[in-house]
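Chain identifiers are assigned alphabetically (A, B, ...) following the order of the sequence lines, protein sequences preceding nucleic acid strands; residue numbering begins at 1 within each chain. The analysis underlying the following values was restricted to heavy atoms, covering all of them including side chains, and did not include hydrogens, waters or symmetry mates. All of these numbers come straight from a predicted model, not from anything done at the bench.
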Amino acid sequence: MDYNFSEIEKKWQARWAKEKPFKAENNSTKPKYYVLDMFPYPSGAGLHVGHPLGYIASDIMARYRRHKGFNVLHPMGYDSFGLPAEQYAIQTGQHPALTTQENIQRYREQLDKIGFSFDWDREVRTSDPEYYKWTQWIFIQLFNSWYNKESDKAEDIKTLIAEFEKKGNSAVNASCDEGTKKFTALEWKAFSEKKKSDVLMHYRIAYLGEAYVNWCPALGTVLANDEVKDGVSERGGHPVERKLMKQWSMRITAYANRLLEDLNKIDWPESLKESQRYWLGKSVGTSLRFQLKNSEDKIEVFTTRPDTIFGVSFLTLAPEHELVEKITTAEQKNQVTDYITKSKNRSERERQAEVTKVSGVFTGAYAEHPFTGNKIPVWIGDYVLAGYGTGAVMAVPGHDSRDYAFAKNFNLPIPEVVQGGDITKESYDAKEGKLINSDFLNGLEVKAALKNSIEEIEKRGLGKSKINFRLRDAVFGRQRYWGEPIPVYYKNDIPYVLAENELPLVLPEVDKFLPTEDGEPPLARAKNWKYKGEFEYELTTMPGWAGSSWYFLRYMDALNDKTFADRTLSDYWQNVDLYIGGSEHATGHLLYVRFWTKFLFDLNHISVDEPAKKLINQGMIQGTSAMVYRVNNSNKIVSAGLKNNYDTTSIHIDVNIVENNVVNVEALKKWRDDFANAEFELEDGKLLAGSAVEKMSKRWYNVVTPDLICQKFGADTLRLYEMFLGPLEQSKPWNTNGITGVSGFLKKLWRLFYQNNTFTVSEEEPTKAELKTLHKTIKKITEDIERFSFNTSVSNFMICVNELGEQKCNKRAILEKLILLVSPYAPHIAEELWESLGHTESISTAPFPEFNEAYLTEDSFIYPVSFNGKTRFQLDLSATLTAQEVEKIVMENEQISKYLEGKTPKKIIVVPKKIVNIVI
RNA sequence: GCCUGGGUGGUGGAACUGGUAGACACGCAGGACUUAAAAUCCUGUGCUUUCACGAGCGUACGGGUUCAAGUCCCGUCCCGGGUACCA
């Protein structure tokens, strides 16, 4: 019987669906192992061959751990709220729920065909009210909490109110909005309901606040920082502008330091940790006040270089800085107003694109140098960001390249205060050298000067040392339809959250998925959608990252309608042991999920404060695009090798009609109308295509689906081949050049069990050689899996099968162990052969073979004998010989003299069972 | 610019703590079976040189450490990914 993959795979996929051998136990004496995959957004395009790469790796791990006696949690679900389904709904009127449902179905079919061992009984969908009920519940907890810097954790807002009632807010050390005013207990008690609500908003972790946001007019919504790339929206590429808006936000900044510190305790790739560190952007510096001349006001700046204080030659404020209007003199008024209008209207994109272009304007105002008393001009410039630090900088052009460019452009003085550079050419930013022109700091090294200057600044009460983070609070409201409704209603203009028993607040039906005529979000279209029929609900919905910030917890207890996850279960499952996902979520999802995990930990709802112990980034599988070359102003297509003879334009064509760079011309003619009657100029009778490595995308017609490969070669081949392509973490372009090698391997494996088309397995005792082949393989495969080196496993399987083929081995004792090894990688063929061997239970929980060192010990070792490091010949010697004995035998060998050239060896190095090196 | 990962045959890639570089696979060449093809099997395959035995050169480039370097150290170049006025 030949290896019939399609029949076998269909059979086992049906069996697994029915018998559920991959069900994770909630009550088990086995050790637990939690393997999680990246949460997929079910897009309309379906899966391409790049998506399953990580899923295959994690599935191998899950199956391996089951063999090793673990209770494995390996779930899958869908991040099913999001923009694409909604954009599609706007265009077609089709409800996003419907589109989402269809897409999920397609995903499921594709996933099933690859033979993953997911526990589908735990499937979650973020757009399911049974799921988002708990997303809303977590929002309510966030709303009802504040961050206590003393205990360094989130606490119930009630403890804060109690404190206000006792002592007001002056003794409270909380993460709160800048500029929150002080009040006494008496004042607090006298505040109106509305005023109290407003004050508490400055403290809540989920809060309604005014902030500059990324407004995307084309999408009609605000976006979080990580959803904006190069000044355009990540989804769709629409321009984004800055706008001051009242928005629901998350006080993630309260967690900045813990998010940073705890990176040290998780096993994540260094590059990913580094981008989180950078995004969090901790910087230690000093805040420092400059007194304005002829004014009561002071300008507060933040600097990391207080040592260069004597090098300050001007101050720069962000155009949005609150003092700008107040301090601008009459004669500068027009210029300043012009500049502010100009920089406001400039999109973020323009602003970023013109980074090298210096712009700014003088306000006419002067400040006083805190040490020298010198007059310092105050400028505004949009290289200073309103949202960072204090929105104002002390400019030290001699030692800061941005200030330098500004000073050069406007002819401002550039004093030198640190020796070591040539400031006539460029600024000297390095933190090295001796201080000069700096009064009491003169002669000190930068490091000492830093310490000294801070002490002096604090002593004189000019400022104090301060830690700043680049991280901003995350905007949480979206002016969109397809997301979780925020469980808030308004009574007398005061926001209230719903009670737990009123959840879920179900997404209402609307007639259109667009904003209303007066610019309100789509939810304003919902008829009679009011709390208790009376109070307005919040009209924005949650962002895409809300549901994905806690899904790993829901898998532990997916069907619970009493709580988001039962505490005994979350205590048992703890957190994810292995997460495999792409690096593109480094500064978005993977920060938010850490934030929510820490928050739930603080409130004692879970016992872990990190979502995943170990994380691996799988590389991206790029597409290999194919193109043909059309001679300009004609309908002639020329083969790639001839394109330089003409003036041509390249046109992307479907990669699925190209094989080994040769275009199937008939298929091409059918593929697009304008090729139907084109003229073709071939080389060697073939139309060769050009190729390029690009992102796999519909746009480039280079998408290859796993379905196609499963149909042609089978899921087991697909799984093995994706692993065989190279190391998991490495990005690589997709090509099927080597796939026949992998499918050939499975056929060879199959044939070990068959003779003359009959299943034939011998019960004989295996030979020493056969045992050695097997145990060598057990050892290698175990090591490979443990270090996630799946590509080398595939090679080792091939070597093993080749050797057993040569040994003509068909002994049960060997083959039974072999297919157990193969089973995590190619589960269908393994189940089938396992059954043929007479087993009635699924192979999936059979114990993994253990290797026995005794079978691997060699009696002899072939020593390479080298002279000055160059290998000249080999000697087969007993493995038990000592170094001295080896040396003696080698030196007595007749081949030695040929290479010694009559000289006496200076030194002889013998490393037992490694090498012999003779130095002459 | 900064942070990261990488550079090994015609190709994808092996080489775990320094110890025979190129495992395994593709491709290519030759052969067997076949009327023929597919499938399968066998042999060869880093480059140069040699009928052959062999010799020389080889892990981006230039140095260094070592008996021994793809692997460790210093410098340079190139490619991929991330990020960007964060004071």
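For the 3.5 Å distance criterion, the side chains of A:Thr792 and A:Asp784 qualify, holding a donor opposite an acceptor. With 3.5 Å as the limit, one finds no donor-acceptor pair spanning the side chains of A:Ser401 and A:Tyr428. Under 3.5 Å, the side chains of A:Lys748 and A:Asn802 contain a donor-acceptor pair of N or O atoms.
Among the nucleotides B:G19, B:C85, B:G82, the one closest to any side-chain atom of A:Ile909 is B:G19.
For the OP1/OP2 pair of B:G56 and a distance below 4.0 Å, the side-chain nitrogens and oxygens of A:Arg872 include at least one atom meeting the criterion. A:Arg751 has a side-chain polar atom (N or O) that falls below the 4.0 Å cut-off from OP1 or OP2 of B:C41. At B:G81, none of the side-chain N or O atoms of A:Gln730 fall inside 4.0 Å of OP1 or OP2 (strictly under the cut-off). OP1 and OP2 of B:C24 both lie 4.0 Å or more from every side-chain N or O belonging to A:Thr792.
Separation of the C1' atoms belonging to B:U45 and B:A38 is 25 Å when rounded to the nearest angstrom. Nucleotides B:C41 and B:U48, compared at atom P, are 30 Å apart to the nearest Å. Going from the C1' atom of B:U83 to that of B:G46 covers 40 Å, rounded to whole Å. Taking atom P on both B:G80 and B:G12, the two are 15 Å apart, rounded to the nearest angstrom. If you take atom P in B:G27 and the same atom in B:G81, they sit 29 Å apart, rounded to whole Å. Rounded to a whole angstrom, the distance from the C1' atom of B:G10 to that of B:G44 is 16 Å.
Note on A:Thr740: only backbone sugar-phosphate atoms sit closer than 4.0 angstrom, heavy atoms only; bases stay farther off. At the heavy-atom level, A:Ser731 lies nowhere under 4.0 Å from the strands shown. Across all strands shown, A:Asn802 has heavy atoms under 4.0 Å from sugar-phosphate atoms exclusively, and none from any base. Residue A:Lys273 is classed as having no contact, given no heavy-atom separation below 4.0 Å to the nucleic acid. Within 4.0 Å of A:Pro727, counting heavy atoms only, lie sugar-phosphate atoms of the nucleic acid but no base atom. Across all strands shown, A:Asn791 has heavy atoms under 4.0 Å from sugar-phosphate atoms exclusively, and none from any base. Heavy atoms of A:Val911 sit under 4.0 angstrom from at least one base atom. Using a 4.0 Å heavy-atom distance criterion, A:Ile862 is classed as a base contact. Contacts of A:Tyr278 with the nucleic acid, taken as non-hydrogen atoms under 4.0 Å apart, involve only primed sugar atoms and P, OP1 or OP2. A:Ser795 comes within contact range of at least one nucleobase, with a heavy-atom separation under 4.0 Å. A:Tyr863 comes within 4.0 angstrom of nothing in the nucleic acid, heavy atoms only. At the heavy-atom level, A:Arg787 lies under 4.0 Å from the strands shown only through sugar-phosphate atoms.
We find that CD of A:Glu729 is positioned 18 Å from P of B:G81, with the value rounded to whole Å. Counting to the nearest Å, the C1' atom of B:C24 and the CD1 atom of A:Ile739 are 16 Å from each other. The separation between A:Phe290 atom CZ and B:A87 atom C1' is 12 Å, rounded to whole Å. The distance between atom NZ of A:Lys914 and atom P of B:G18, rounded to the nearest whole Å, is 9 Å. Atom pair A:Phe724:CZ and B:A14:P shows a separation of 10 Å (rounding to whole Å applied). If you measure from atom CG of A:Leu746 to atom P of B:A25, you get 13 Å, rounded to the nearest angstrom. Distance, A:Gln276 CD to B:G82 C1': 13 Å, rounded to whole Å. We find that CG of A:Asp784 is positioned 10 Å from C1' of B:C16, with the value rounded to whole Å.
A cation-pi arrangement is present between A:Arg470 and A:Tyr278 under the rule of less than 6.0 angstrom and at most 45 degrees off the ring axis.
Projected onto RNA chain B by closest heavy-atom contact, A:Lys913 and A:Leu725 fall at different nucleotides, the more 5' of which corresponds to A:Leu725. Where A:Met620 and A:Val742 meet RNA chain B, the nucleotide closest to each residue was compared, and A:Val742 sits on the side nearer the 5' end.
Applying the 90° criterion around 0 to the glycosidic angle, B:G75 comes out anti.
The base of B:C67 sits within donor-acceptor range of the side chain of A:Asn917, with an N or O pair under 3.5 Å.
Classified by interplanar angle (parallel below 30°, tilted 30° to 60°, perpendicular above 60°), the ring pair A:Phe314/A:Phe406 is parallel. In this structure, A:Tyr3 and A:Trp750 have tilted ring planes: the angle between them lies in the 30° to 60° band.
Annotation: the span from A:Ile340 atom CD1 to A:Ile380 atom CD1 amounts to 4.5 Å, rounded to 0.5 Å.
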TODO: Applying side chain to side chain contact (heavy atoms under 4.5 Å, CB included), run through A:Lys466 and A:Thr286 and close with a yes or a no.
DONE: CA-CA 5 Å; A:Lys466 194 177 169 187; A:Thr286 311; over 6 Å; no
